[in-house]
Amino acid sequence: MLPGRRPPRVLIAASILDSDLGRLADEIRRAEDAGVDRIHLDVMDGHFVPNLTFGWKTVEALRRVTRLPFDAHLMIAEPGRWTGQFLDAGCDSITFHVEVDPAQVRPALERIRDAGRSAGLSVKPGTPLEALDAYRELLDVVLVMTVEPGFGGQAFMTDVARAKLGAARGWLDPAGACEVQVDGGGRAETAQVIGAGGTDVIVAGSALYRAPDMPAEVARIRAIADTARDATLGS
Ligand code: DX5
Ligand code: ZN
């Protein structure tokens with residue numbers, strides 16, 4: 001996979017946060033069979049966010065389950081401390097938060113890039129895109145959070161999406177040298193706003209894992225987002 005190139009259609013990344021964690025391998029295969037493009041791995045440390053999930057050992061074990069790309073979303077206070085482990089575990093992209101200690105940011109992005117993977121920064125709903133300015137040339141991914149990070153199943157922040165998604169697309173190379181991802185509340189009901197923002201990747205957790213028919217839901221979200229994205233960017 002070429003990192004950081006705008007995909008021709010909206011990609012769906014399945015967040016396993018709200019899957020049946022007792023059957024994680026099966027849940028990843030289920031998402032793959034449903035047609036998702038990537039697996040989104042929410043890593044939480046109980047410090048940066050008020051929740052704990054899993055670490056690089058789990059990612060390493062899951063790497064054997066699927067050939068789909070792994071997007072790691074590190075919601076941890078010290079991403080620089082763990083970058084090497086998540087690279088070795090087989091992540092195709094690693095995104096962490098710009099709100100961490102600034103001394104961590106540039107070295108970690110460079111390390112991810114040096115390993116030939118995609119490097120990303122995420123902004124919480126209250127963090128302006130300008131916080132990314134200093135790192136622009138190091139970014140393959142910008143991850144816009146449309147919920148407060150920490151938990152799946154929260155309500156999509158439409159105002160944040162409207163304010164930031166199009167702006168992120170414009171702020172980045174409009175030709176698509178860097179991809180824009182949206183995370184939090186991605187579902188069929190929010191796919192129009194997401195696609196209209198020119199978004200490249202929709203992270204969807206509860207919408208997929210709680211859907212009665214996951215393949216149909218993947219197709220529905222993608223179709224709505226694609227139509228809106230084409231209208232914005234031109235097909
Ligand atoms: C929130 C996570 C998201 C979330 C997505 O901290 O980063 O990836 O789990 O789940 P839904 O789609 O349910 O909002
Ligand atoms: Zn996430």
Side-chain angles (χ1 to χ4, degrees), residues 4-18 31 34-42 68-69 71 73 75 93 95 97 118 120-129 132 139-211 214-235:
R5 292 290 172 269
R6 193 167 94 202
R9 59 171 196 175
V10 176
L11 303 179
I12 310 288
S15 162
I16 59 172
L17 192 59
D18 269 339
V36 307
D37 301 285
R38 301 181 183 175
I39 302 297
H40 178 95
L41 300 157
D42 287 310
L68 286 181
D71 283 351
H73 176 195
M75 288 159 277
S93 78
T95 295
H97 276 260
S118 297
L121 281 175
S122 180
V123 284
K124 290 183 184 180
T127 303
L129 289 173
L132 304 177
L139 296 180
D140 302 298
V141 174
V142 167
L143 175 64
V144 174
M145 295 282 329
T146 41
V147 298
E148 288 298 337
F151 300 91
Q154 302 182 73
F156 181 76
M157 296 178 174
T158 307
D159 292 354
V160 172
R162 287 198 207 282
K164 282 190 183 168
L165 292 179
R169 179 78 281 154
W171 176 80
L172 300 164
D173 173 4
C178 181
E179 68 179 31
V180 179
Q181 304 187 358
V182 65
D183 188 10
R187 58 190 66 248
E189 292 74 13
T190 60
Q192 199 278 333
V193 172
I194 292 171
T199 308
D200 303 304
V201 180
I202 302 179
V203 178
S206 53
L208 300 186
Y209 281 102
R210 295 179 196 168
M214 195 193 286
E217 203 55 29
V218 170
R220 199 155 75 100
I221 294 170
R222 185 181 281 137
I224 295 169
D226 263 341
T227 302
R229 185 173 182 263
D230 286 351
T232 297
L233 300 178
S235 44

> Would Val10 and Thr199 count as a side chain to side chain contact (heavy atoms under 4.5 Å, CB included) if you check the C-alpha gap in whole Å, the side-chain angles of each, and the deciding distance to 0.1 Å?
Replying inline: CA-CA 7 Å; Val10 176; Thr199 308; 6.0 Å; no
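- The structure places OG of Ser93 at 6.0 Å from CD of Gln181, a figure rounded to the nearest 0.5 Å.
- To the nearest 0.5 Å, atoms CE (Met157) and CZ (Arg162) are separated by 15.0 Å.
- For the atom pair CG of Leu121 and OG1 of Thr95, the computed distance is 7.5 Å after rounding to the nearest 0.5 Å.
- Heavy atoms only, all atoms of each residue included: Ser122 and His73 are closest at OG-NE2, 4.0 Å.
- Counting heavy atoms from C-beta outward, Glu217 and Ile221 have side chains that approach closer than 4.5 Å.
- Between His97 and Thr127, every side-chain heavy-atom pair lies at or beyond the 4.5 Å cut-off.
- Contact detail for Gly35 and Arg222: the closest heavy-atom pair is O-NH2, 2.9 Å.
- Annotation: side chain of Val203 is not in contact with side chain of Arg38 (no heavy-atom distance under 4.5 Å).
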Only distances under 3.5 Å count here; give the side-chain donor-acceptor pairs of residues 142-151 to other protein atoms, sequence neighbours excluded, each with its distance to 0.1 Å.
unit_1: Thr146; atom_1: OG1; unit_2: Asp183; atom_2: O; d: 3.2
unit_1: Thr146; atom_1: OG1; unit_2: Gly184; atom_2: O; d: 2.6

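- Taking the side chain as every heavy atom from C-beta outward, Arg169 and Thr232 never approach each other to under 4.5 Å.
- Scanning both residues, Ile39 and Ala31, for their nearest heavy atoms gives CD1-CB, 4.3 Å.
- In terms of heavy atoms, Arg210 sits closest to Gly153 at NH2-CA, 4.2 Å.
- Scanning all heavy atoms of the two residues, the minimum distance from Lys124 to Lys164 falls at O-NZ, 2.9 Å.
- Side-chain contact between Leu129 and Val123: present, with at least one pair of heavy atoms (C-beta onward) separated by less than 4.5 Å.
- Within the model, atoms CD1 of Ile202 and CD1 of Ile12 stand 4.5 Å from one another, a figure rounded to the nearest 0.5 Å.
- Side-chain contact between Ile16 and Tyr209 is present, with at least one heavy-atom pair separated by less than 4.5 Å.
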>> Does Asp200 form a side chain to side chain contact (heavy atoms under 4.5 Å, CB included) with Arg229? I'd like the steps, not just the answer.
In response: CA-CA 9 Å; Asp200 303 304; Arg229 185 173 182 263; 2.5 Å; yes
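- In this structure a side-chain-to-backbone donor-acceptor pair under 3.5 Å is missing from Thr190 to Phe156.
- Considering CD of Gln192 and CD1 of Ile194, their distance stands at 10.0 Å, rounded to 0.5 Å.
- When all heavy atoms are compared, the tightest approach of Ala13 to His40 is CB-CB, 4.1 Å.
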